[in-house]
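Letters A, B, ... are given to chains in the order of the sequence lines, protein chains preceding strands, and every chain is numbered from 1.
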2 protein chains.
Amino acid sequence: MPASPDHLSVTLNALADPTRRAILARLSLGETTVNDLAEPFDMSLPAVSKHLKVLEKAGLISRGREKQWRPCRLEPEPLKEVDMWLAKYRAMWEARLDRLEAYLTQLQAAADPPAPPVVTDKSDTQKDDRT
Amino acid sequence: MPASPDHLSVTLNALADPTRRAILARLSLGETTVNDLAEPFDMSLPAVSKHLKVLEKAGLISRGREKQWRPCRLEPEPLKEVDMWLAKYRAMWEARLDRLEAYLTQLQAAADPPAPPVVTDKSDTQKDDRT
DNA sequence: CGCGTACTTAACCGATAAGTTATTTAACAT
DNA sequence: ATGTTAAATAACTTATCGGTTAAGTACGCG
């Protein structure tokens, strides 16, 4: 027993493949069949079937039963989990962008000779965060 | 040549491992050394070094040089990419939650004929507004 | 210099992943 | 019954992953 990995890892792993993300993108337009999903890809049907199984195990899709077709449907729940994980870091890339913006503003000010010396407030652009 | 995979796949793959996510979480508290990063894990130093290389190739960390140490720093840019990809689906899970809420409300109303529906809103904890 | 510390690289190994072709199951149509 | 279409499963190949131990590199110091 390989000690079942956490759900988030399973989800991220499922998403870490362009084919599978393309499948999800296609499914975001609506339910469809396996053959229909497979059509745009340059690979065999069983290969697509395997990708679908990976997505299904991650809970990213579900499969119904209608006549001889097994329509796939997008299940966005796990994406929400990913988003919640990401949220913990969102402030960071935003902060970094803010710093970049401040830096650019400062450059702009420096390149503008007659203006008053806009105090280059370094305490606001350099936040060395060591606890 | 395995035809270099897209950056988003590389990033998601790097994130699809609990050890690597733990390393990022640690780095979100501040820069630190490899030995320090490795300390909490029950694996050899080279194993951690490999994980760091995966994270570095995804652009999720950068490494400096200070004396004999190679401090690692979190680089949140790629996380922003993930967020941007996720954004395309955000409306979906929110819509689905809305439907669930409506369904629950309806159940509540049906089960409770005379009283006003005392909505037990468990799903009101998300206030997510990025573009 | 030589030695220790910090870390990386090399070589290897078992497990898993991603693809293939061939076979099988399931549901319908004739 | 037989055949057809839709899809899954089996069996196999090859490559990558995640870990190991052992050796190598880079730096600081006495």
Original post:
Just to confirm, is there a sub-4.0 Å distance from OP1 or OP2 of C:dT9 to any side-chain nitrogen or oxygen of B:Lys53?
Top reply: yes

**OP:** Give the rounded distance in Å between these two atoms: CG of B:Asn13 and C1' of D:dC17.
**Re:** 9 Å

Subject >> Strand contacts (DNA chain D) in residues 54-71 of chain B, 4.0 angstrom heavy-atom criterion >> reply: B:Arg65, B:Lys67, B:Gln68

Original post:
Within a reach of under 6.0 Å around NZ of B:Lys53, are more than 12 heavy atoms found that belong to other residues, nucleotides or ligands?
Top reply: no

Subject >> Heavy-atom side-chain contact between A:Thr19 and A:Met43 under 4.5 Å >> reply: yes

**OP:** Find out whether A:Arg20 and A:Leu15 are in side-chain contact, i.e. whether some heavy atom of one side chain is under 4.5 Å from a heavy atom of the other.
**Re:** no

Original post:
Does a side-chain heavy-atom distance below 4.5 Å link B:Asp83 with A:Tyr89?
Top reply: no

Original post:
Does the side chain of B:Thr32 come within less than 4.5 Å of B:Arg73's, by heavy atoms?
Top reply: no

Subject >> OG1-CG distance between B:Thr11 and B:Leu8, expressed to the nearest 0.5 angstrom >> reply: 6.0 Å

Original post:
Could you state the CG-C1' distance from A:Leu52 to D:dT9, rounded to the nearest angstrom?
Top reply: 14 Å

Original post:
Can you list, by residue number, the residues of residues 31-51 of chain A that have a non-hydrogen atom closer than 4.0 angstrom to DNA chain D?
Top reply: A:Thr33, A:Val34, A:Asn35, A:Leu45, A:Pro46, A:Ser49, A:Lys50

Original post:
Minimum heavy-atom separation for A:Ser9 to B:Ala16, with atom names?
Top reply: O-CB, 3.8 Å

Subject >> Length of the CZ-P vector between A:Arg21 and C:dA18, whole Å >> reply: 13 Å

Original post:
Could you give the distance from NE2 (B:His7) to NZ (B:Lys57), rounded to the nearest 0.5 Å?
Top reply: 12.5 Å

